[in-house]
Amino acid sequence: MADRYNPQVIEPKWHQAWDASGLYATRRDRPGEKFYLLTMLPYPSGDLHIGHWYPMSPSDAVARYKRMRGYNVFYPIGFDAFGLPAENAAIKRGIHPYQWTMANIERMRGQLRRMGAMWAWDREAVSCDPRYYVWTQWFFRKLYDAGLAYRKYSPVDFCPKCNTTLAREQVQGDDRHCERCGTTVVKKELEQWYFRITNYADELLDFSTIDWPERIRTAQTNWIGRSEGAEVTFTSEAGDEILIFTTRPDTLWGATFMVLAPEHPLVEKLTTPEQRAAVTEYQLQASRQTEIERSSTEKEKTGVFIGAYAVNPVNDERIPIWIADYVMMTYGTGAIMAVPAHDDRDFAFALKFGLPIIPVIERTDEIAKSAVWDGSVGEEFAAALDAAGMAWEWLDIPERGKFYAVTLDGAEQTRSYAALLQAHLRPGHWGDIVGHAWQIVFADGPMTLTSADADRAIMARCHAGYEYTQQFRTTMEMWYATEWYRDVLYHSDYGTMINSGQFTGTPGDTAKADVTQWLEAEGIGKFAINYKLRDWLISRQRYWGTPIPMIYCPDCGVVPVPYEDLPVLLPPDAEIPPTGENALKFDEAFLHVKCPQCGNEDAQRETDTMDTFMCSSWYHYAYISPYWRAGETLGPDDMPWDVEAGDYWLPVDLYTGGPEHATMHLLYTRFFTKALRDMGIVSFDEPMLRQFNQGIILGPDGNRMSKSKGNVVAPDEWVERYGADTVRSYLMFIGPWDMGGPWNPQGIEGSRRFLERVWAVVLDPPQNPEEGGDVAEAERELRHVTHRTIHKVTEDIEAFKFNTLLSALMELNNYLMKARETVVYGTPAWDEALDALILMLAPETPHIAEELWQQRHGQGDFTPEQSVHVQPWPEYDPELAKADTITLVVQVNGKLRDKIEASADITEEEARALALASPLVQKWLEDKTIRKIIFAGGKLINIVVG
RNA sequence: GCCGAAGUGGCGGAAAGGUAGACGCGAUGGUCUCAAACACCAUUGGGGGUUGCCCCAUGUGGGUUCGAUUCCCACCUUCGGCACCA
């Protein structure tokens, strides 16, 4: 009997042997292609939980697999070591952020090594090391020199608790809270540094050269938010030009008012004295708004009329100008034309404030509705509707009574209905048609809602004729009161233009382009594109980050730190103020500096540090040659890594990580590479060719793991109990890698049992061997099973389907357990099967695979050439995988009726004969005629009877 | 509201348009044991039955097909992200 499987012994043993033999040193001498596999670098928060292992175990398996396939694999790791938690820990515990971070990194290195991953530790890079951040600063300077970094005085989101500004991506939720600590952010006016990521907006929308998950591409596309439309100049009555952006120039004729953002610069000038007080009050309220925690997501529209009017340039209509907080100063031009008939926000605003709503685009479905109140027409109306084939029903509104609710389909029917209605109306009464047409039909003829003037005329007649309508300010408001109408009152279709002067009748598919062209010809407006994407705000008012290498001189102004003076070092002895304020502001030695341009002694350093996403935008380059040229003097023409090595390894072939970075890190790093390309530093357009996002491992209760829920799974204790191989394989077995799922503390037992059984199959002799049997046949069957498994496992690992990969290996092992007791034990086919099993386990469970491989093939002292992890991946032989017999599935009308063992190369003729001969099948054919027989894929036959 | 993902046994989950529930967990019964644990063997979607059988079942309702968990249409639910972007 061999020793029992004891991971506590073999795992440390192999860690040591692998390290000592240099097995995982990065090599370029293998015959195959290079493969740069990158997994998102961890933040050293202190403890690794199982959530860190979840992305890393499968990534490591892929790296190992690729190596067995002959690739030169580069699989580096490092630490994203700047950031707020270190500073907060410093305040709380009186430890310097550097010490805190380094202690955590040391602890995590140990935990990561216990996983047995094949990381290239010789290429480790830590972003808070001055030898690292000197290059982060160098990149900042290059971006500055390229005009991609600029400083702007602007209102920014500021977290009072973290004491720093946040990028737009880092502010979340309706209450606009800080991503990190949950505190509601405030607006602050500060001088801040930005990167011009917006220069690359269009290029960032192009994913054609990279294989990234759809959800990431969609998230980035939505985030960049490109819209095409037009900029159009409206003019105030006093002659001020008000520029607006619209995606719907085809709706210009329906603009019945304008809305400016409360902070729009023209508000001051345009506001009339009578409205001044109300406007100022509203502006104040709006500016405070982000500071107030909003309790509800209901966004009731608010706004104030500023007293002034503008002229709609397409039809010379005089329209009022309002301010409202639903218009953002930061998007477009900060001013809009409001087209309430075809924009839901404008529609809600107009309804609330009684502004006219004039449809200028036809519905594409041509549906119309008409409500005719009981008594407005004679009783013969119902029969007339039926005779004309018009759909109607009686509806009853308790306070208002009954009405004929007529639904009309198409222009033709709507027209004839208008005539029919008019003919049946009693004197002094009316009925409305809404949707495809917009009319009030009176006994003496219809009035149509074609303009704001028409709206006023209609209301005047209604008010005079029927007291009930006097509560309504506009025709649309009156119609809106009938609930049954609501779904046809507003739409945003691209339909045929109506009520639009010379453009009336322009079809929806060309309307936008036609109007834009005309606007340009008339000099009223021009084609324009807008993005939601804003420039990347990188300034952080914190100590623990990369100092921004800039100097402010009383004489020269903003002066960049010369390349040769880099790095600007963080003062290691800085005192972290308990308030969380930036220690650099109080560090006299850091702060005061001589101007590098004019020598003025009163210059000051920039005290802000960079967003840590700057560090992670280029870490995959740092790994190429970590701490490159440390201590040397740098210049603008240097290369930030070993070019020869970079040319070999770059770009990243596969990037694995979480999808939560979709609009931050993954967008920034693409921008960064494109900027480097334009500087001539790299020659490719995208940093990572392929990306795969894993899911989230949940707590045993199915919830996200968090300290507050008390459901965090710590890997250390599980490794102690079961070994790293069991933890690794269980994490891969739970389910599809990209789906995540709950950690089941009982489920892991199965993974451990599986490895125990592998151990037993490989090392233990038969327990109750069977006597006799056909050896050749048994070998053929075993080879069939082995090669089918190789095929399946190879396909699965290529597709990152580790759960089904492992279940295939379990099946093979289950088969071997039974086969061990037969004559096949000890045959060449048996040995081949054991080797294949071990080789296929090597990527997922590297320690047990190494141990078993060495027990079978080891020759004394371990050398890296002998390792299971450099053996070639088993070859799949399709001939051997083929089975001799199949189970022919026989269906009658698609229902399973019999299964018949048959030769694998059975012909359709033979299959028919077999199937029809089956008594189980014949039962279902009695009294029936065979209509058709389908023979599919050599494994199924379906008899169709009727 | 918009975008994305997903609904299959008691649970995690399998199924190139072709035997629904692979593999594993749990459960039940058995072997071993003084006993327990481990291990091993058997059973394990629901219902019926004449027990070498049948019916029902993949969120709901339709459709395409000889055949649908898979494709199409509509809807419901859950999770994740974005959210007044003109």
Side-chain angles (χ1 to χ4, degrees), chain A residues 169 172-174 213-219 221-223 225-227 229 244-248 251 259 261 297 299-302 324-328 330-339 342-346 348-349 492 530-534 659-660 662-663 695-696 698 702 704 730 733-736 738-751 753-754 756-757 760 767-768 792 795 801 803-811 813-814 817 887-899 919-920 923 931-937 939-946:
Chain A
E169 294 83 343
Q172 302 179 334
D174 285 323
E214 193 201 324
R215 61 180 156 174
I216 301 289
R217 301 199 313 262
T218 318
T221 302
N222 291 342
W223 189 260
R226 182 185 202 269
S227 354
I244 63 104
F245 172 73
T246 178
T247 55
R248 294 296 301 269
T251 65
V259 186
T297 53
K299 278 159 191 147
E300 174 79 0
K301 290 279 180 294
T302 59
D325 62 4
Y326 80 93
V327 175
M328 312 290 144
T330 47
Y331 181 79
T333 61
I336 63 159
M337 65 163 184
V339 184
H342 306 293
D343 179 285
D344 59 344
R345 295 151 302 178
D346 298 343
F349 194 86
S492 56
N530 252 291
Y531 301 91
K532 285 198 248 179
L533 184 72
R534 316 226 194 114
E660 67 274 13
T663 54
I696 300 165
L698 303 169
R704 213 177 249 252
Y730 178 58
F733 184 67
I734 284 177
D738 53 342
M739 300 297 296
W743 169 271
N744 176 358
Q746 269 172 339
I748 193 172
E749 291 281 355
S751 292
R753 272 174 219 157
F754 166 56
E756 300 266 13
R757 284 195 286 255
Q767 310 298 299
N768 302 296
K792 165 82 176 152
E795 269 187 356
K801 288 161 75 175
N803 56 330
T804 49
L805 179 161
L806 281 162
S807 70
L809 290 179
M810 287 173 180
E811 281 181 84
N813 197 58
N814 289 346
M817 243 163 92
T887 305
L888 181 70
V889 173
V890 186
Q891 296 183 336
V892 178
N893 284 350
K895 281 190 185 259
L896 174 73
R897 293 305 178 198
D898 199 4
K899 298 180 200 176
L920 286 172
K923 221 169 81 178
R931 306 232 182 261
K932 201 196 272 192
I933 296 183
I934 285 133
F935 183 63
K939 60 177 179 178
L940 179 140
I941 190 160
N942 187 13
I943 302 166
V944 185
V945 299

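So you know, we letter chains A, B, ... as the sequences are listed, proteins then strands, and number each from 1. For the numbers below, each heavy atom of this structure counts, side chains included, while hydrogens, waters and symmetry mates do not.
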Using OP1 and OP2 only, check whether a side-chain N or O of Arg215(A) sits under 4.0 Å from rC82(B). no
Regarding Met739(A), tell me which of base, sugar-phosphate or nothing describes its non-hydrogen contacts under 4.0 Å with the strands shown. sugar-phosphate
Shortest side-chain distance from Glu811(A), nucleotide among rC23(B), rG18(B), rC84(B): rC23(B)
Categorize Leu920(A) for me: base, sugar-phosphate, or nothing, with a 4.0 angstrom heavy-atom threshold over every strand shown. sugar-phosphate
Could you give the distance separating rA86(B) and rC73(B) at their C1' atoms, to the nearest angstrom? 33 Å
Check whether any side-chain heavy atom of Asp343(A) sits under 4.5 Å from a side-chain heavy atom of Ser492(A), and report yes or no. no
Please classify the nucleic acid contact of Val327(A) as base, sugar-phosphate, or nothing, using heavy-atom distances under 4.0 Å. base
When you compare rC76(B) with rU60(B), how far apart are their C1' atoms, in angstrom units rounded to a whole number? 7 Å
When you measure from the side-chain N and O atoms of Arg217(A) to the phosphate of rG4(B), is any distance below 4.0 Å, counting only OP1 and OP2? no
Please classify the nucleic acid contact of Met810(A) as base, sugar-phosphate, or nothing, using heavy-atom distances under 4.0 Å. sugar-phosphate
Integer angstrom distance from the P of rU64(B) to that of rA27(B): 47 Å
For a quick check of understanding: with a heavy-atom distance under 4.0 Å over all strands, which category does Arg226(A) fall into, base, sugar-phosphate or nothing? nothing
Quick check: on RNA chain B, is the nucleotide nearest Asn222(A) upstream (toward 5') of the one nearest Arg248(A), or the reverse? Name the residue that is more 5'. Asn222(A)
It should be established whether Arg757(A) places a side-chain nitrogen or oxygen under 4.0 Å from OP1 or OP2 of nucleotide rC23(B). no
Any side-chain N or O of Lys899(A) under 4.0 Å from OP1/OP2 of rG18(B)? no
Assign Pro736(A) to base, sugar-phosphate, or nothing according to its heavy-atom contacts below 4.0 angstrom with the strands shown. sugar-phosphate
Short side-chain N/O contact from Ser227(A) to OP1 or OP2 of rA86(B), under 4.0 Å: yes
If you take all heavy atoms of Tyr331(A) and Tyr531(A), which pair is closest and at what distance? CE1-O, 3.4 Å
Work out how far the C1' atom of rU70(B) is from that of rU58(B), and round it to whole angstrom. 10 Å
Pairwise C1' distance, rA15(B) and rC23(B) [rounded to whole Å]: 12 Å
In Watson-Crick or G-U wobble terms, both distances under 3.5 Å, what is the partner of rA42(B)? rU28(B)
Given atom CD of Glu749(A) and atom P of rC11(B), what is their separation to the nearest angstrom? 21 Å
Have a look at Asn803(A) and say if it touches a base, only the backbone sugar-phosphate, or nothing, with a 4.0 Å heavy-atom cut-off. sugar-phosphate
Between Lys801(A) and rA15(B), is there a contact of a side-chain N or O with OP1 or OP2 at under 4.0 Å? yes
Mind checking if Leu940(A) touches a base, just sugar-phosphate, or nothing, with heavy atoms under 4.0 Å? base
At under 4.0 Å between heavy atoms, what does Lys792(A) touch on the DNA or RNA strands: base, sugar-phosphate, or nothing? nothing
Ignoring backbone atoms, establish whether Arg931(A) has a side-chain N or O less than 4.0 Å from OP1 or OP2 of rC66(B). no
Checking one value: the base orientation of rG9(B), syn if chi is within 90 degrees of 0, otherwise anti. syn
Gap in Å between the two P atoms, one belonging to rG67(B) and one to rC56(B), rounded: 15 Å
Check: Arg534(A) and Thr330(A) side chains under 4.5 Å, non-hydrogen atoms: yes
Side-chain donor/acceptor contact of Gln891(A) with base of rG18(B) under 3.5 Å: yes
Tell me which of Tyr331(A) and Glu214(A) sits closer to the 5' end of RNA chain B, going by the nucleotide each one is nearest to. Glu214(A)
Remember a base hit wins even if backbone is also touched, and classify Asn814(A) as base, sugar-phosphate or nothing at under 4.0 Å, heavy atoms. sugar-phosphate
Over all atoms of both residues, closest heavy-atom pair of Leu920(A) and Arg897(A): CB-O, 3.7 Å
Touch class at under 4.0 angstrom, heavy-atom based, for Ala936(A) against every strand present: base
